[in-house]
Amino acid sequence: MTTRRKKIYEGKAKILYEGPEPGTLIQYFKDDATAFNAQKKAVLEGKGVINNRISEYMMTRLNGIGVQNHFIRRLNLREQLIKEVEIIPLEVVVRNIAAGSIATRLGLTEGQPLPRSIIEFYYKDDKLGDPMVSEEHITAFNWAATQEIDDMMAMALRVNDYMCGLFSAVGITLVDFKIEFGRIYEGDFSRVILADEISPDSCRLWDTVTSEKLDKDRFRRDLGGVIESYTEVARRLGIMKEMPTVIQGGVH
Ligand code: TMP
């Protein structure tokens, strides 16, 4: 019999359940994949297990260099215990190389290095298709304060620097990625910490030698081999141990 737990929120790739104690939640990684604001959908067997593991690894490593985040510990193949935060309704994208929407928007060639790392903000609203917004919009509409924007940008650049190095050491180029932040309240004060997930769903990862895509663009662009690529990322990071049976056997 499964335990009844209160579902707090269900997104496209994850579900949040009530946690065992106040201030905690359980984050469950689904196998569902969506793209283009959920116009394209599929179930990719094993994706949730891999992303749970990769996100655990990234958050743990980032915590080690002082980037505070919501991750507490992994509970099982698909679930992790996290700190409850008040999600800031922004997607923070960091780009090193032109790809995806910036290539289209600015007429850049995919693969062209950018003059420097660029941070962009998108307002999280599926009905609107997550429009790009500026700091002016963010402060005017009170989605985040100026200090919070500064904190998010500083953390995003640290995450970028650290992950560029981490991936480069295993022959992967970090093209771009998306992260989200949340507020944690301590008395009258609040602090911004990294939340959500970091996985091949939320990053562009290219093999440094062959430029082969090892991320969700394989799904977005119908390139096939999505799970194989995610598994390859996990394997290169050295976190494959308990995964192969899962992917072959479809453990849920
Ligand atoms: P973009 O080029 O489509 O704007 O995507 C930039 C980065 O953000 C890329 O690594 C994929 C990631 N991303 C998400 O994680 N979720 C999204 O909904 C979108 C549009 C992009």
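Just so you know, ligand 1 is whichever comes first in the structure, and atom 1 is the first atom listed for that ligand. For the numbers below, each heavy atom of this structure counts, side chains included, while hydrogens, waters and symmetry mates do not.
- A salt bridge does not link D215 to R204: none of the charged side-chain nitrogens sits closer than 4.0 Å to a carboxylate oxygen.
- With 3.5 Å as the limit, one finds no donor-acceptor pair spanning the side chains of S134 and E136.
- Protein heavy atoms come within 4.0 Å of atom 12 (C) of ligand 1.
- Residue, atom and distance of the protein heavy atom nearest to atom 1 (P) of ligand 1 are S101 OG, 3.4 Å.
- Placement of L194 and I88 within a single hydrophobic cluster is found when ILVMFWY residues are connected by side-chain heavy-atom separations under 4.5 Å, directly or transitively.
- Proximity annotation for atom 3 (O) of ligand 1: of R204, R220, E120, R204 comes nearest, heavy atoms only.
- At a 4.0 Å heavy-atom cut-off, ligand 1 does not touch K216 at all.
- Within the 4.0 Å heavy-atom shell around ligand 1 one finds E91.
- Numbered from 1 in the order shown, with element, the atoms of ligand 1 that lie under 4.0 Å from a heavy atom of F177 read 10 (O).
- Per-residue contacts place G100 under 4.0 angstrom from the following atoms of ligand 1 (heavy atoms of the residue considered): 2 (O).
- At a threshold of 4.0 Å, the pair K213-D207 does not count as salt-bridged, since none of the basic side-chain nitrogens sits closer than that to a carboxylate oxygen.
- Side-chain contact, D130 with N37: no donor N or O sits under 3.5 Å from an acceptor N or O.
- Atom 7 (C) of ligand 1 has as its closest protein heavy atom D176 OD1, 3.7 Å.
- No salt bridge links D32 with K47; every basic N to acidic carboxylate O contact stays at or beyond 4.0 Å.
- Taking 4.0 Å as the cut-off between side-chain N and carboxylate O, R5 and E18 do not count as a salt-bridged pair.
- For C203, every heavy-atom contact with ligand 1 shorter than 4.0 Å involves the backbone, none the side chain.
- The pair R183-D151 fails the salt-bridge criterion, with no side-chain N (NZ, NE, NH1 or NH2) lying under 4.0 Å from an Asp/Glu carboxylate O.
- Taking every non-hydrogen atom of A99 and a distance limit under 4.0 Å, the qualifying atoms of ligand 1 come out as 2 (O).
- When only non-hydrogen protein atoms are considered, atom 14 (C) of ligand 1 lies nearest to K178 CE, 3.6 Å.
- Near D201, with a cut-off below 4.0 Å to any heavy atom, the atoms of ligand 1 are 15 (O).
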